[in-house]
Amino acid sequence: LAFAALYSSNCGRSRLSLAPTAFQILQQKPKHMLRRQEHRRIIEAGHSGDKQAVIHALNSQNSSLREAALGAAKRLDILSDEMLLSCLQDPDAQLRKRALELTARSVVDPDGQPTSVERRQILARAVVPLLADDQCAELAAFTLGELEASTVEVVAGLEQQARHHHDPLC
């Protein structure tokens, strides 16, 4: 209110109605707080079983929210290959890395049985292009090793990375 009074006295005419009140300022939450609350809501949805909220968040504009939703989908056991494949192609590097981690862990089904060779080969084909991505190359190579899909395409991608990557340790 003091700000509003100072504002109106300096402008020569009363603009008190244009200045926000202290209560209005306190009621506004910064955008980062709103994003954090939404992020937390999706993580909680993964623990409480709110599948609709998780699926909805996978289509969010916010990449951090999509990343949280990916983990929540895994926790709820609703993570499909289509979701993984979509996230492996996402523009956000952090989301691609999270998808790679979950892909590497997907070599066994929830019962502890190995997944089919065909499924692992489909996932491996989606991972091979990430070998050329400097932000994901190391994790992509690890994921391919976990998938144990030794197709010609996979071996050629790994060979290309070993021969031509700028980081000799990668």
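Index from 1, following the sequence. For the numbers below, each heavy atom of this structure counts, side chains included, while hydrogens, waters and symmetry mates do not.
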Nearest 0.5 angstrom please: [X] [atom1] to [Y] [atom2], how far?
| X | Y | atom1 | atom2 | value |
| --- | --- | --- | --- | --- |
| Arg119 | Asp81 | CZ | CG | 4.0 Å |
| Arg66 | Asp90 | CZ | CG | 4.0 Å |
| Asp92 | Gln135 | CG | CD | 8.5 Å |

| message | Could you tell me if the side chain of Leu123 sits less than 4.5 Å from the side chain of Thr115, heavy atoms only? | response |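 Thr115 vs Leu123: side chains apart.
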
| query | Is there side-chain contact between Arg105 and Leu102, with heavy atoms separated by less than 4.5 Å? | reply |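 They are in side-chain contact.
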
| task | Please test Asp50 against Ile42 for side-chain contact (heavy atoms from CB on, under 4.5 Å), starting from the C-alpha separation and ending with a verdict. | result | CA-CA 9 Å; Asp50 189 354; Ile42 295 305; over 6 Å; no

| How would you list all residue pairs meeting side chain to side chain donor-acceptor pair (under 3.5 Å) that involve residues 68-79, not counting sequence neighbours? |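 For residues 68-79, and leaving out neighbouring residues, there are no side chain to side chain donor-acceptor pair (under 3.5 Å) pairs at all.
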
| task | For the pair Thr143 (side chain) and Leu139 (backbone), establish whether a donor and an acceptor sit closer than 3.5 Å, ignoring hydrogens and angles. | result |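 Yes, because the side chain of Thr143 sits within donor-acceptor range (under 3.5 Å) of the backbone of Leu139.
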
| message | Tell me whether Leu79 shares a hydrophobic cluster with Ile43, the cluster being built from Ile, Leu, Val, Met, Phe, Trp, Tyr side chains joined at under 4.5 Å. | response |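 They do not share one cluster, since no chain of ILVMFWY contacts under 4.5 Å joins Leu79 to Ile43.
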
| query | Is there a path from Val107 to Val117 through hydrophobic residues (I, L, V, M, F, W, Y) whose side chains come within less than 4.5 Å of each other? | reply |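 No, Val107 does not connect to Val117 through the hydrophobic network.
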
| message | Less than 4.0 angstrom from a charged side-chain N to a carboxylate O is my criterion; do Lys97 and Glu101 meet it? | response |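 The answer is no: the pair does not qualify as a salt bridge.
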
| request: Apply side-chain contact (heavy atoms from CB on, under 4.5 Å) to the pair Asn62 and Glu38, showing each step before the final yes or no. | output: CA-CA 10 Å; Asn62 183 340; Glu38 186 68 11; over 6 Å; no

